[in-house]
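Inspection log for the structure reproduced underneath, given as C-alpha cells.
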Protein chains: 2
Amino acid sequence: MSKANLFYAQSGGVTAVINASACGVIETARRHNDQIGTVYAGLNGIIGALREELIDTGKESAATIAALRHTPSGAFGSCRYKLKSLEDNRAEYQRLMDVFRAHNIRYFLYNGGGDSQDTANKVSMLSLKEGFPITCIGIPKTVDNDLPVTDNCPGFGSVAKYVAVSIREAGLDVASMCESSTKVFVMEVMGRHAGWIAGAAGLAAEQEGDAPHIILFPEIAFDKPAFLRRVRDCVNRYGFCAIVVSEGAHYANGQFLADAGGKDAFGHTQLGGVAPFLANMIKQELGYKYHWAVADYLQRAARHIASATDVEQAYAVGKAAVEFALAGKNAVMPTIVRKPGDRYEWEIGEVALADVANVEKPMPREFITEDGFNITEQARQYFTPLIAGEDYPPYKNGLPQYARLKGELADKKLPAWDQS
Amino acid sequence: MSKANLFYAQSGGVTAVINASACGVIETARRHNDQIGTVYAGLNGIIGALREELIDTGKESAATIAALRHTPSGAFGSCRYKLKSLEDNRAEYQRLMDVFRAHNIRYFLYNGGGDSQDTANKVSMLSLKEGFPITCIGIPKTVDNDLPVTDNCPGFGSVAKYVAVSIREAGLDVASMCESSTKVFVMEVMGRHAGWIAGAAGLAAEQEGDAPHIILFPEIAFDKPAFLRRVRDCVNRYGFCAIVVSEGAHYANGQFLADAGGKDAFGHTQLGGVAPFLANMIKQELGYKYHWAVADYLQRAARHIASATDVEQAYAVGKAAVEFALAGKNAVMPTIVRKPGDRYEWEIGEVALADVANVEKPMPREFITEDGFNITEQARQYFTPLIAGEDYPPYKNGLPQYARLKGELADKKLPAWDQS
C-alpha cells in the first residue's frame, strides 16, 4: 500500500498566523515523507473536501511554503460551513469518507475553533465505524481566544498586539488635538461574546492618563450613566478620552449596543457599528467633538505587526499536530501550556477534541476592574507575553511580500458532490 | 544682546512623522547653539504662543529629542486654530509679536499645511513693519499631500504605506472567506478634497485580481450604476471585491456620499461614514455579504508602519528650515524636489510662503484610469518611492516605545492673553 496522505483544512474566520500553522504542518510532513505522502489542503476549507477540490501542496516550492509563515489570511481559502450533526446529514460525512478513501487520506488536520474541533472529533469516530480509520488532529485557531483548556489561541496574540499598538498611536493623536478639536476617540474591536481582544488593548496604557481610558467588554452590561460620567471625567482630567469597545458590548437585557440605533430614513437598520453609535451618544449627551474607527478585518489580517510569540506558537501547533498523528494519537488537539514561574515560558500540551468541542471560554471576571471599565494587573500579566516580539514580513517596494500559491488541484476521482 | 531664540509650532491634523520634523529642527538648532538660544515649542501649536505657554525644549534630554523621530502625533500638541486676517484681528498678531519680543524669539518655524504657511507669511510681513523682524520659515506637513510646489508632503508617505498595506492584508482575508461568507470589503480612507491617499492604496494591487479592485476618488463624481456593475463584475470574476473609498467621495452635484444616508430614528444625521453607506448600498442592490472598516486616526498615527522615505524627508525639512533661517532666508518653506531619472532621488528645494499659502494641489486626472476606478502606471511611479523602506520604532513588552516629554513651560513674562 502506498504511503497515506494528509488532508489539512482551514476553518472559520482567518487570522494573521493561521498560515504559520499551515507552514508548520506542511514543513513537518515533508520532513516525514517516509511516512506521509502528499499533503492536500482543502480549497476553501472543508468545502474543498466535499467538492473534491484538493490543493496539492506538493506542487508548491519550499520557498512558497516557508513564506506561509509570514502570510496572513487563509492561503488555501477558509469557509464558514459547519457540518450538520451525523444524524441530520450523514451523507455529508459519508462524502468526506469517500473523498478521503479515494485519495488515500488517513490523516485529517483541521485548523479552526470549537466548531471545527467538534467536526474533527465526529469524523474520527465515524471513520472507525466505517472501517477506514482516519487520524483526526485539531489545530487551534481563533482571534477570539475563547477555546478552553489551551492557555491561549494562536491568532489572538497578533490581533491583541494590533489593537494595543493602534490605540496607543491613535491615543497620542487625540492627545495632541484635544485642546482645540477632537476630545473623544472610540475604537471598535472584534469579540462578539468575549472581551479578550478589547482587554488586550488595555496594555497600551502604562501610565496615568494613557489611552485607552475606558474599555467596554461583552462581559459587563453597559451602564450608560456611569459610562458618560467616566467619559466626562477623563476629558476633564486628561483633556481627552480614548475608548475601546468590543463589538459585543450590550445592555443588561442582552441587546447589542450596535443594534440599538434604530432605523435610518429608509427603514434600514442603522449602518454603523457600535463605535459610531457610542461616539454619537457622547456628542448628544456631552457635546464633545469625536472621531471613531472600526478596524474590522484590518485587525485580524495585520500580519505586518504580528506578535512573534503568536507566530511561533501558530507554527508549533501545526508541527505538533503532524507529530501527534505520527505518534499514533487521535482525536486530540495540541494546546499552549503556560509554565509556572515569573518568566513566560510555554510548551505544547494536548487535549481530547471532545473536551474542547463547542465550549467557549469567557474572560475571567478578575481580569476586569471592579468598575468594569478597565483591565486588572492579573490581566496584564496574562496578556503581555502574548504580544511580545516582532516578526516582520519581508518587504519589496514598500509593501509586505506575501506567499502566492499555485494552488494546483489534484485530479478528481469521484463524481461531483450532490448537495441536494 | 543674548542669542536669539526659536519658536516652533505644530499645526492642524497631526501625522506619523511630524515629530521627526520637530526632531530635525531641535537637533539642528542644538548643533548651532552659537547662533540659536532656546528652542521653544508652542503647547498646542500657535495657541501656545498666544497664551505664552512655551515648552522649553532645552529641558528635554538628547535621547528624548532623538525619540521624537520615531514618535507619531504632535508631541507638543497641535491645534485647529487659524489666525484671522490681519484686518479682522490685528490684536492676535500683535500678541504674537509681544510674546516673541518678551522671549527674544527671532525665528518662527511653523509646521503645517497651507493655512499655516499663510500665517507664517503674514507674521513675517508684520514683524518687518513692527521693527522686530522675525525670520519665518514654513515646514511642510500634511497627510493629504495637497501642498503645491513640493513633490510630496511629509506625512503622506506613511499614511500611503499604511493604507496600501492594510488593503493588501484585508484583501487576502476577504479572498479566503469569499466562497462561503464575505464577498465585499469596503475600506474608508482620509482625503476630503483630494484622492492622494485613496490612490496610494492602489499600490497594493500588483496582479490581476489583487485588492483593491475599485477606488473611489473625490476627483471623480460617483456613478452608482457604473459602480454597482463593477462590483458585480469583480465578484463574478475574482470571487470578491475590495473597495477603497475616499471620505470625500461625492455625487456629481457635490453631495458627499457620507452625507447621503439621511437621518436615523432619532432624527440624527446618519452616524456611519461612507464605508458603511456603500457597503449597505451593495447589500441592498446586489445582496452580497459585506464587511467594512474605517481606519480614521489609525492611518495617520500609524508610526509602526511608517515609510522610511517619509521619515527621512520629514526630518530633512525640519533640519533645512533651521539651516534656511541661519542662512538669512525668510518667508520660505523647504520642499521635496524629485530629481529626474529612473531611480528615485530627492533633494531639498525652497519656495516662497506666498506661493504655497492656501493653494491646494488635487491629484492629476492622468493618475486616475479613464473609467475612474483605479490608478494609472504614472500614479504608481509617483507613489511607489514615497512608501519605500521601513523605519520601525523600538519596542518594549511588545509595544512601540514613544517619546514622553517633560513639557516644562518657560516662565511667563506677560499678562494673560485676553481673547475677548
Q.
Quick check on Asp310(A) against chain B: is it the side chain, the backbone, both or neither that has a heavy atom closer than 4.5 Å?
A. neither

Which atom pairs, one a donor and one an acceptor, fall under 3.5 Å between side chains of residues 389-399 of chain B and the rest of the protein, sequence neighbours left out?
| from | atom 1 | to | atom 2 | distance (Å) |
| --- | --- | --- | --- | --- |
| Glu390(B) | OE2 | Lys161(B) | NZ | 2.7 |
| Asp391(B) | OD1 | Arg303(B) | NH2 | 2.8 |

Q. Taking only residues two or more places apart in sequence, or in another chain, which ones meet Ala22(A) in a side chain to side chain contact (heavy atoms under 4.5 Å, CB included)?
A. Tyr8(A), Gln10(A), Leu68(A), Phe76(A)

(Q) Using heavy-atom distances under 4.5 Å, tell me whether Leu172(A) contacts chain B through its side chain, its backbone, both, or neither. (A) both

Q | 4.5 Å side-chain heavy-atom contact, Arg404(B) and Glu206(A) | A | yes

Q) Which answer fits Leu203(A), side chain, backbone, both or neither, if we ask what part of it has an atom under 4.5 Å from a heavy atom of chain B? A) both

Q | Partner chain B: residue of Gly77(A), Pro400(A), Pro385(A), Ser166(A) with the largest heavy-atom pair count (under 4.5 Å) | A | Pro400(A)

**Q.** Nearest-0.5 Å distance that lies between atom CG in Asp173(A) and atom OG1 in Thr15(B)
**A.** 9.0 Å

Q. Between CD of Glu179(A) and CG of Leu43(B), what distance do you get to the nearest 0.5 Å?
A. 7.0 Å

Q: Could you tell me which non-hydrogen atom of Tyr297(A) sits nearest to which non-hydrogen atom of Ala170(B), and how far apart they are?
A: CB-CB, 4.3 Å

**Q.** Proximal component of Ser181(B), with respect to chain A [non-hydrogen, under 4.5 Å]
**A.** side chain

Q) Who wins among Leu386(B), Thr384(B), Val174(B), Asp210(B) for the most heavy-atom pairs under 4.5 Å with chain A? A) Asp210(B)

Q. Can you say whether Tyr162(A) sits under 4.5 Å from chain B via the side chain, the backbone, both, or neither, judging by heavy atoms?
A. side chain

Q. Got Gln299(B) and Leu298(A) here, is their nearest side-chain heavy-atom distance under 4.5 Å?
A. no

(Q) Quick check against the 3.5 Å criterion: does Ser180(B) have a side-chain atom that pairs as donor or acceptor with the backbone of Arg80(A)? (A) yes

Q | Contact winner vs chain B - Ala175(A), Ala308(A), Ala301(A), heavy-atom pairs under 4.5 Å | A | Ala301(A)

Q) In Å, rounded to the nearest 0.5 Å, how long is the span from OG of Ser73(B) to CE of Met177(A)? A) 10.0 Å

(Q) Using 0.5 Å steps for rounding, measure from the CG atom of Asp296(B) to the NE2 atom of His291(A). (A) 5.5 Å

